[in-house]
Amino acid sequence: MIPKRQLKGLTPYKPGKPIEEVKKELGLKEVIKLASNENPYGSSKSVKDAIKKELSELHIYPDGYAASLRDAVATHLNVDQKQLVFGNGSDEVVQMICRTYLEKGTNTVMATPTFPQYRHNAVIEDAEVREIPLHAGKHQLEKMLDAIDEETRVVWVCSPNNPTGEHVTEMELIEFLNRVPEDVLVVLDEAYKEYVTASDFHDSLKALPNYRNLIILRTFSKAYGIAALRVGYGVASPEVIETIEPSREPFNTSRVAQAAAIAALDDQQFIDTCREENEKGRELYYEFCREFDLTVYPSQGNFVLIDFDIPSDEVFEHLLKKGYIVRSGSALGLPTSLRITVGSQKQNQEIISHLTQFVEERRNLNS
Ligand SMILES: *Cc1c(COP(=O)(O)O)cnc(C)c1O
């Protein structure tokens, strides 16, 4: 068998260490995973009831068009139903975009490090990937513009950026959109939008009518807390959606997932609470970083990226032994940084006390 040439060297996505495996390996009773930016508070209580109602219908295919969910999201965002495309997670919307626009001979521009699935799917489509390094955790939009040429089809902007948490401001976004050629699609990934508290964050939905080449990605996996059910979506001009739709699998979001997403969307109070708690959690980490003079980027997401100035795998191992799985930056091209998902306040305080112990011991050794 001869696979596509470009798949050579491509590895499957490596998830954080599974909880059960860590429990067994280290003989721990409780292990908490704060590695994939999942919601420490779960999801809205109404989600389970909505799912139960679907359990008698499991033999019937879902509505591939996701009409009820489409209606709910369109109303929530105040956009037309024709402006939405749903995916099996926004991961699948990323895949659909790549399937639609990228092929051999084309190129695509993105930051690095950023969400790895942009690159991964672009490589599968055999497009050239142009990666522009972040500066101080932020997209270098000017340099990204410079990288665009005749063969550029898609430009990716992740804001807040995973893994740094930094965001693009409203002014920066508009200036950028004004300068990207009209036939180049701008993908603005707002997976962490619900956690944003910065007043200068972009209002991309407001900008949408002015830019026919903009698609905004959102997900139910993070703040809405239903990562297991896989629902994400894109919002764009009806023309862009119409172009992408044929690349979508017929029944790509499940019946259960659609019902859960509608219920999750309906509980905005849950989202508000999560946002407030998350902001408090981020502050705890900033305080810790100030105390020990560690570099941390101001994050608008539900995670913080801390630079420990030593191989982060060591810090990762220390937390692992205490029963906390976080994400070492070594896999993200940031070998001295650790990405920690903001947990419940109790979890944050525990992690911070373990980190304090670790940093103090280290510094005593070296002094
Ligand atoms: C988690 C994440 C996603 C993927 O979310 P799903 O909807 O679960 O596929 C997309 N983009 C970014 C930046 C993420 O961090």
Side-chain angles (χ1 to χ4, degrees), residues 12-16 33-40 42-43 47 66 69 73 84-99 108 110-122 131 134 137-139 154-168 173 186-196 201-202 204 215-235 244 248-249 252-254 256-258 260-261 264-265 271 274 278 297 299-305 326-327 329 331-334 339-342:
Y13 176 76
K14 240 176 127 181
K33 189 163 159 252
L34 292 169
S36 304
N37 305 337
E38 290 137 334
N39 190 335
S43 52
V47 164
L69 176 59
V73 172
L84 297 169
V85 59
F86 290 90
N88 185 30
S90 49
D91 271 344
E92 199 202 13
V93 185
V94 170
Q95 186 190 49
M96 285 189 257
I97 290 168
C98 290
R99 283 177 76 173
T108 182
M110 62 190 71
T112 183
T114 190
F115 189 57
Q117 291 308 301
Y118 315 146
R119 180 180 192 282
H120 189 92
N121 284 287
E131 293 177 292
L134 299 174
K138 280 185 70 107
H139 282 60
V154 183
V155 181
W156 308 81
V157 177
C158 186
S159 176
N161 185 50
N162 181 1
T164 56
E166 281 278 12
H167 69 289
V168 171
L173 179 74
V186 176
V187 183
L188 181 61
D189 188 345
E190 296 185 346
Y192 300 95
K193 160 77 183 154
E194 294 79 12
Y195 287 115
V196 169
F201 193 79
H202 38 80
S204 54
I215 183 165
I216 302 159
L217 305 189
R218 301 260 179 104
T219 179
F220 284 94
S221 298
K222 304 286 159 59
Y224 286 102
I226 53 170
L229 296 172
R230 319 297 304 122
V231 197
Y233 59 91
V235 199
I244 294 172
R248 184 177 62 75
E249 284 180 37
N252 63 328
T253 54
S254 79
V256 170
Q258 291 172 20
L265 190 65
I271 299 296
C274 292
N278 181 65
Y297 295 118
S299 172
Q300 287 298 308
N302 67 335
F303 53 89
V304 285
L305 186 76
V326 297
R327 189 72 102 168
L332 311 167
L334 300 160
R339 193 193 68 194
I340 305 171
T341 301
V342 175

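In each ligand, atom 1 is the first atom listed, and ligand 1 is the first ligand listed. Both backbone and side-chain heavy atoms feed into the values below; hydrogens, waters and symmetry mates do not.
Atom-to-atom distance recorded for Thr253:OG1 and Asn88:CG is 8.0 Å, nearest 0.5 angstrom.
In the vicinity of Cys158, heavy-atom distances shorter than 4.0 Å reach the ligand 1 atoms 13 (C). Close approach to Ser221 involves these atoms of ligand 1, each under 4.0 Å from a residue heavy atom: 6 (P), 7 (O), 8 (O).
For ligand 1, the polar-atom distance check finds no N/O of Asn88 at less than 3.5 Å from any of the ligand's N/O atoms. When only interatomic distances are considered, the shortest N/O to N/O separation between Lys222 and ligand 1 falls below 3.5 Å.
At least one donor-acceptor pair closer than 3.5 Å links the side chain of Asn278 to the backbone N or O of Gly301.
Judged by the shortest distance from any of its heavy atoms, Asp189 lies inside the 4.0 Å radius around the atoms of ligand 1. Ligand 1 lies less than 4.0 angstrom from a heavy atom belonging to Tyr192.
Taking atom 5 (O) of ligand 1 as the reference point, the nearest protein heavy-atom neighbour is Ser90 OG, 3.3 Å.
In Arg230, the part holding a heavy atom less than 4.0 Å from any atom of ligand 1 is the side chain.
A donor atom on one side chain and an acceptor atom on the other are not found under 3.5 Å apart for Glu166 and Ser299. For the residue pair Trp156 / Thr108, a side-chain donor-acceptor distance below 3.5 Å is found, with atom types taken as modelled. Side-chain contact check for Tyr118 and Asp189: at least one donor-acceptor pair (N or O, by modelled atom type) lies under 3.5 Å. Side chain to side chain, His202 and Ser159 meet the donor-acceptor criterion of an N or O pair below 3.5 Å.
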